[in-house]
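Data block below; observations after.
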Amino acid sequence: MPFNSYKDIIEEGDLVLAYINRNHIKPIRVTKDEILNTRYGCFEHNEMIGMSYGEQMGGSRGYGYIYLLAFTPELWTVSLPHRTQIVYTHDSSYIIQRLNIVSGSRVIEAGTGSGSFSHAFSRTVGLEGKLFSYEFHEPRFIEAKAEFEDHGLDKNTLITHRDVCKDGFELHDIPQPFVKDSGIAADAIFLDLPSPWEAIPHLKAVASSTRRVGICCFSPCMEQVVKTVTALNENGWVDVEMVEVAGRRWEARKEMLKDVNDVIKRLKDIQARRNQGLELLKQSRASTPGEKREASNPESGEANPVKVQNTGMGFNPFGRGLRIKEGDEKFEWRDVTGIEPDIKTHTSYLTFAYLQPPPSARVSL
Ligand SMILES: C[S@@+](CC[C@H](N)C(=O)[O-])C[C@H]1O[C@@H](n2cnc3c(N)ncnc32)[C@H](O)[C@@H]1O
């Protein structure tokens, strides 16, 4: 099933994503008499034909199951064969909305790399829009071209084998359905290159001359950002801004409420337990050698457990040892949020800027 269309039922020849587990999604082409063998079971392609997208499929030997999912750019991003570093959905979705890329937009992307972002661009611009993608590494270009054809992206995507820093973006043999204003006339540009500042001077020739054109340069290092910003300023781009998208998982939970009296009680309890422990230690040292020791760990009081009492005062006075279920109605709680600490989320810095058409050329939308 191509990315730009939708259907409910799986047919022979469809591209299906076999969801094996959270970390393993396998793209397959449904082919008569083939079998998908996984460590969780065997799945016959013949049985997939006629099933619904999204359905759970049981293994043919009576154990294991997978889900048969339809292709989306988001799922492709997490299952594609990596040829390069790729752009992930938390960045691509932000860039698409920030550059106001919509159905009918004309977008330039360089380099193509593994084609992760190309799929998201292609779906967003739809059949009314166009994507012009450039890749200078020949084997990667060949693989991406074949993949785009296989996935039906070639209807709105033109991939070119080109070093854009050296030779720019202009094309002289654009297929007619891709031509606008006798050229590319891009209204959004995305550069995921090691040296975008070398490509920036070539962009005016292919940017729309009647609309405000947005650009995003995707660079992992601050030194690259500095050079990119300099090139954007020198080439007439305005409203330059750099952002970083930090994807974080938030959690919502309850926190036990305690007041100062609770804290005092807790401190007193710790002191009392300590004294009891020391007393037990003294007693065990004084006992005859060879006699069975009664308290081997006075701090924890394991052998002679100190009897502690839950006072029911609205907090857990004894901390360690007493497990209290979050939200237990005997205690007071408040709702709090927290984030997973120290997640490394830095992918790249996103430098945005805009190119204004000359006032005489502006058209109202
Ligand atoms: C990080 S990858 C792009 C990944 C892509 N955005 C994705 O989401 O899959 C960068 C690509 O740019 C290509 N590249 C680097 N310099 C280039 C240039 N001057 N012209 C064209 N492509 C270039 C590299 O070969 C590489 O495939």
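Given the structure is predicted, the values throughout are model-derived calculations rather than measurements. Start at 1 and go down the list; that is how both ligands and their atoms are numbered. What's counted below: heavy atoms across the whole structure, side chains too, no hydrogens, waters or symmetry copies.
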Got a list of side-chain donor-acceptor pairs under 3.5 Å for residues 137-146, not counting sequence neighbours?
| from | atom 1 | to | atom 2 | distance (Å) |
| --- | --- | --- | --- | --- |
| H137 | ND1 | R140 | N | 3.3 |
| K145 | NZ | E149 | OE2 | 3.2 |

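- Between P27 and W76 the shortest heavy-atom distance is CG-CZ3, 3.7 Å.
- Pairs engaging residues 203-226 under the ring-ring contact (aromatic ring centres under 6.0 Å, His included) rule: F190-F218 [sequence neighbours left out].
- Minimum heavy-atom separation, I184 to R106: O-NE, 2.8 Å.
- The protein residues lying under 4.0 angstrom from ligand 1, judged by non-hydrogen atoms, are T84, Q85, I86, V87, G111, T112, G113, S114, G115, S116, F117, E135, F136, H137, R140, R162, D163, V164, C165, D192, L193, P194.
- Using a 4.0 Å cut-off between charged nitrogen and carboxylate oxygen, R273 and D269 count as a salt-bridge pair.
- Legend: ring-ring contact (aromatic ring centres under 6.0 Å, His included) pairs involving residues 253-281, not counting sequence neighbours: none detected.
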